[in-house]
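The structure appears right after this line, and notes come after that.
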Amino acid sequence: MNINNKRRTLLTGGAAAFAVGMIPKASFAADPVKIGLILPMSGPFASTGKQIDTAVKVFLQKYGDTVAGRKIEIILKDDGGLQPEITKQLAQELIVKENIDILAGFGLTPLALSTAPLATQTKKPMIVMAAGTSIIVQRSPFIVRTSFTLPQNTAPMADWALKNKIKTVVTLVSDYSPGLDSEKTFNKRFTEGGGKILDNLRASMRSPDFAPFVQKAKDLKPDALFVFVPSGEGVAVMKQYEERGLAKAGIRLIGTGDVLDDDLMPSIGKAAVGVITSHHYSAAHPSPENKAYVAAFEKISNGMRPNFHSVGGYDGMYLIYEALKKTKGDTDGEKLVEAMKGMKWMSVRGPVSIDPATRDIIQNVYIRRGEMVNGAAYNIEFDKVENFKDPGT
Ligand code: VNL
């Protein structure tokens, strides 16, 4: 209570200073380029923050902390992952008090949406490294996304199901915007291709109980259960799927890769075998770039496996560095965003680019099967849709 009150007073102070028009001072070439990194480092989505924070460390180790003659300074803030107004207030403080040049992070959609108007008002590039609702990039011309979108990752799953004798599906999603994006995309693609949706189930996003939903799905006897839950919640879903015997009842599990998040695969173990998911990143992606990344990440973190959110953070840093090279160290927001548009590079996930029209990421979406490799569960890619843009909803 006390801490909260204190925090609120502080934040109100920051907001007030901002409101009376305290214009952030321009930074000079000799100053460091400051990146305000806002992540959920605590709370139910802390794994997302930890993954991105670690990826930034791996990036700095590989590429150094100076680019285009300017030192890079990262200022990390923990927003707790659940309160959009806290994320926005932290962004405001970073801009007004710390004079940051670039905003980055944004673990969940509501947190990115609340901060978008600030990016526009202050002309600060806002790099969305994790959140995946389609509409986010439309909320500010200063947003550039290096993560993914739910429609982008869902559509290929619906297409795969249609081609693989899955005729009836029950969907289960988290009841907030990325879940609704995923549900809408799956419904549309699957029914347009001749499939039938038996029910659309939605579980609460905060401390969900999946048991009644998984049981309901079982009772409806679909060919498959399609699942989207945000990173961190997959273990609970997999436990219910296993305990309630859906696989034995002949009900397949399919979904976006969030449910078989690499971060959780060691805990999910054998339950993941045979589960088909579509996603833009697997720690098992067989490229030399990715092998080096996984090794560096595991080393710096004492054995943590990198997940897709880490890659959004790693590529976000890469994009910032390449843009600064193009502007020769100029941190003007409009110039940086302009430099980011159309940028192409070889990510650890495969080839990616920033769509110059939408500022969203274009990437391969892979179809993967859960398999045991030397005693550990991995998502093994066996098919892909190349250079896939967000199809929207
Ligand atoms: C979101 C989407 C967050 C997918 C996730 O993990 C995720 C979001 C925290 O847009 O809120 O896996």
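Read the numbers this way: they start at 1 and go in the same order the structure lists the ligands and their atoms. This chain uses plain numbering: 1 for the first residue, then up along the sequence.
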Item to complete: May I ask you to say whether D360 pairs ionically with K389, meaning some side-chain N is under 4.0 Å from a carboxylate O?
Response: no
Could you pull out every donor-acceptor pair under 3.5 Å between side chains of residues 290-297 and any protein atom, sequence neighbours left out?
residue: N290; atom: OD1; partner: Y281; partner atom: OH; Å: 2.7
residue: N290; atom: ND2; partner: A283; partner atom: O; Å: 3.0
residue: N290; atom: ND2; partner: H285; partner atom: O; Å: 2.9
residue: Y293; atom: OH; partner: S310; partner atom: OG; Å: 2.7

Taking the six-membered ring for Trp, are H309 and F148 parallel (under 30°), tilted (30 to 60°) or perpendicular (over 60°)? tilted
Which atom pairs, nitrogen or oxygen on both sides, join ligand 1 and the protein at under 3.5 angstrom?
residue: ligand 1; atom: 6 (O); partner: S231; partner atom: N; Å: 3.2
residue: ligand 1; atom: 6 (O); partner: H309; partner atom: NE2; Å: 3.0
residue: ligand 1; atom: 10 (O); partner: T109; partner atom: N; Å: 3.4
residue: ligand 1; atom: 10 (O); partner: T109; partner atom: OG1; Å: 2.5
residue: ligand 1; atom: 10 (O); partner: G132; partner atom: N; Å: 2.8
residue: ligand 1; atom: 11 (O); partner: T109; partner atom: N; Å: 2.9
residue: ligand 1; atom: 11 (O); partner: Y176; partner atom: OH; Å: 2.7
residue: ligand 1; atom: 12 (O); partner: S231; partner atom: N; Å: 2.9
residue: ligand 1; atom: 12 (O); partner: D258; partner atom: OD2; Å: 2.6
residue: ligand 1; atom: 12 (O); partner: H309; partner atom: NE2; Å: 3.4

NZ or CZ of R349 within 45° of F308 ring axis and under 6.0 Å
no
Residues at least two apart in sequence or cross-chain that pass side-chain contact (heavy atoms from CB on, under 4.5 Å) with K384, listed by chain then number, are N364, Y366, E386
Grouping ILVMFWY residues whenever side-chain heavy atoms fall under 4.5 Å, the cluster of M238 otherwise contains V170, L172, L198, L201, F210, F213, V214, L220, L225, V227, V229, V235, V237, Y241, L246, I251, L253, V259, L260, L264, M265, I268, V275
